[in-house]
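Notes for the one structure printed next.
Here is the naming used below: chain letters follow the sequence lines, and residue numbers restart at 1 for every chain. The basis for the numbers below is simple: all heavy atoms, side chains too, and nothing from hydrogens, waters or symmetry mates. Everything numeric in this text was worked out from a predicted model, so none of it was measured.
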Number of protein chains: 2
Amino acid sequence: MSDTSALGTERTISQGSSGAAKADPLGTCSPHHEAWRSLARTHAAVSGRLQEALAQAELPPLAWFEMLAAIAASDEERMKMGELAEALVITRGGLTKLVDRLVKAGLIERTFCETDRRVSYATLLPAGAELLEEMVPVVSAELELAFAARLSEHQADDLRVTLDALRGTACNGD
Amino acid sequence: MSDTSALGTERTISQGSSGAAKADPLGTCSPHHEAWRSLARTHAAVSGRLQEALAQAELPPLAWFEMLAAIAASDEERMKMGELAEALVITRGGLTKLVDRLVKAGLIERTFCETDRRVSYATLLPAGAELLEEMVPVVSAELELAFAARLSEHQADDLRVTLDALRGTACNGD
DNA sequence: GGTCAATAGTTGTTCTCTCAAGTATTTCTG
DNA sequence: CAGAAATACTTGAGAGAACAACTATTGACC
């Protein structure tokens with residue numbers, strides 16, 4: 001890939017003498033912008049890597065894995081639609097259709113709440129748990145490749161902490 | 001949102017006594033999985049925040065900003081389609097259509113290479129530069145809110161370095 | 001108890017991306 | 001120089017997700 005990491009951090013040169021030299025007049029090279037760009041690009045890169053690995057193994061897409069993993073990790077192997085939408089960071093409308101697909105594939109099932117008839121659960125079925133067990137090693141292997149090869153365990157943990165701090169849980173409407 | 005950070009790292013309890021206690025039988029709670037989840041969720045959160053801010057200011061979507069910023073940051077205020085696709089981490093097919101939209105909006109222009117007639121450039125137009133100048137403060141402000149409020153400048157820089165290392169530039173086909 | 005707002009999910013539309021195939025241009029080979 | 005392979009980009013079809021509008025259920029207030 002093109003090496004775009006030569007940044008103008010030390011550029012204190014005059015901005016009008018060399019013609020083509022950009023001196024970041026807009027401020028898109030601030031540390032925060034840089035960090036955000038790295039975040040976006042790294043996410044895209046890793047995500048693409050995972051999707052590719054799953055596709056090569058003839059397994060369903062990453063979103064299915066995230067969903068199955070989220071449900072499997074919950075206490076009762078079932079999750080409310082709303083919680084699931086938050087966990088996967090997609091809209092509720094999007095979730096409804098994603099769940100539809102998994103239901104159609106026989107991996108999960110819709111169950112309902114006795115006490116509040118508005119809520120419905122996505123409940124893991126045996127077939128879903130089985131598929132998840134097939135997907136986990138593929139994802140783990142790819143993650144090892146991406147993480148373990150380049151980051152120490154301490155770094156990985158540190159990264160997680162920083163990212164969690166960055167995400168915060170701010171719900172400032174505006 | 002729901003506090004899912006209570007992890008089973010220290011869980012050495014017997015896994016069969018308490019019924020509903022999950023002991024991560026699949027390994028989806030390894031440091032690398034955790035870090036990846038944080039990466040995905042933080043990216044989605046920040047990205048959503050930026051998009052929302054832009055929408056509220058009645059400005060074009062984030063993808064347009066990324067594109068304009070990438071072109072503006074290049075030496076000649078123009079970029080080859082291929083380079084642009086890599087910078088934005090989307091496929092070339094996707095880029096063609098994204099460029100189409102920006103061209104239709106009068107923000108950029110397609111120019112061609114004299115020496116190699118296969119390559120075409122996306123070239124910034126005055127209107128695009130102007131719009132970019134409107135968008136930068138909105139994005140910067142939102143980024144400040146997300147980053148500066150929660151991360152020290154050193155942390156932000158550290159984050160960038162770690163993410164860049166993680167992304168690597170490995171092109172291992174398979 | 002009846003009405004109104006709030007909450008939980010679903011549906012239809014639209015947009016954008018990916019994938020696979022196609023065109024045009026250049027480079028390599030004989 | 002002709003033909004094959006490689007490169008750069010475009011096109012068309014399909015899937016996935018966001019957005020807004022909708023239904024159903026619950027809880028609050030009079």
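- Salt-bridge check for B:E34 with B:R37: passed, with a basic side-chain N closer than 4.0 Å to an acidic carboxylate O.
- Atom CE in A:M79 sits roughly 15 Å away from atom C1' in C:dG9 (whole-Å rounding).
- At a threshold of 4.0 angstrom between heavy atoms, the contacts of A:S120 are confined to the sugar-phosphate backbone, with no base atom among them.
- Atom CG of B:L62 is separated from atom C1' of C:dT16 by 14 Å (rounded to the nearest Å).
- Distance A:R101 CZ to C:dT11 P: 13 Å, rounded to the nearest Å.
- Using cut-offs of 30° and 60° for the angle between ring planes, the B:H33 and A:F65 rings count as tilted.
- Heavy-atom minimum distance, A:P61 versus A:L54: C-CD1, 4.1 Å.
- When every heavy atom of B:I71 is checked against every heavy atom of B:S74, the shortest pair comes out as O-OG, 2.7 Å.
- Comparing A:G94 and B:R110 along DNA chain D, the residue whose closest nucleotide (by nearest heavy atom) sits nearer the 5' end is B:R110.
- Taking each heavy atom of A:A156 and B:H32 in turn, the nearest pair found is CB-CD2, 4.0 Å.
- Between the P atom of C:dT18 and the CG atom of B:L88 lies a distance of 10 Å, rounded to the nearest Å.
- We find that CH2 of B:W64 is positioned 11 Å from P of C:dC17, with the value rounded to whole Å.
- When all heavy atoms of A:A35 and B:F147 are compared, the pair lying nearest together is CB-CE2, 3.5 Å.
- In 5' to 3' order, the nucleotides of DNA chain D bounding all contacts with chain A (an atom under 4.0 Å from a heavy atom) are D:dG16 to D:dT26.
- Between the P atom of C:dG9 and the CD1 atom of A:I108 lies a distance of 13 Å, rounded to the nearest Å.
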For nucleotides 25-28 of chain C, give me every protein contact, N/O to N/O, under 3.5 Å, one pair per line with atom names.
residue, atom, partner, partner atom, Å
C:dT26, OP1, B:R117, N, 3.0

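- The separation between B:L95 atom CG and C:dC19 atom C1' is 16 Å, rounded to whole Å.
- Residue contacts for A:G93: at a heavy-atom cut-off of 4.0 Å it reaches a base atom on one of the strands shown.
- Within 3.5 Å, no donor on the side chain of A:K97 pairs with an acceptor on the base of C:dG9, nor the reverse.
- Between B:K104 and B:D100 there is no salt bridge, since no side-chain nitrogen of the basic residue lies less than 4.0 Å from a carboxylate oxygen of the acidic one.
- Smallest separation of non-hydrogen atoms from B:L95 and B:M81: CD2-O, 2.9 Å.
- If you measure from atom CD1 of A:I90 to atom C1' of C:dC17, you get 16 Å, rounded to the nearest angstrom.
- Identified under the side-chain hydrogen bond (donor to acceptor under 3.5 Å, both in side chains) test for residues 118-135 of chain B, with sequence neighbours left out: B:T111-B:T123, B:D116-B:R118.
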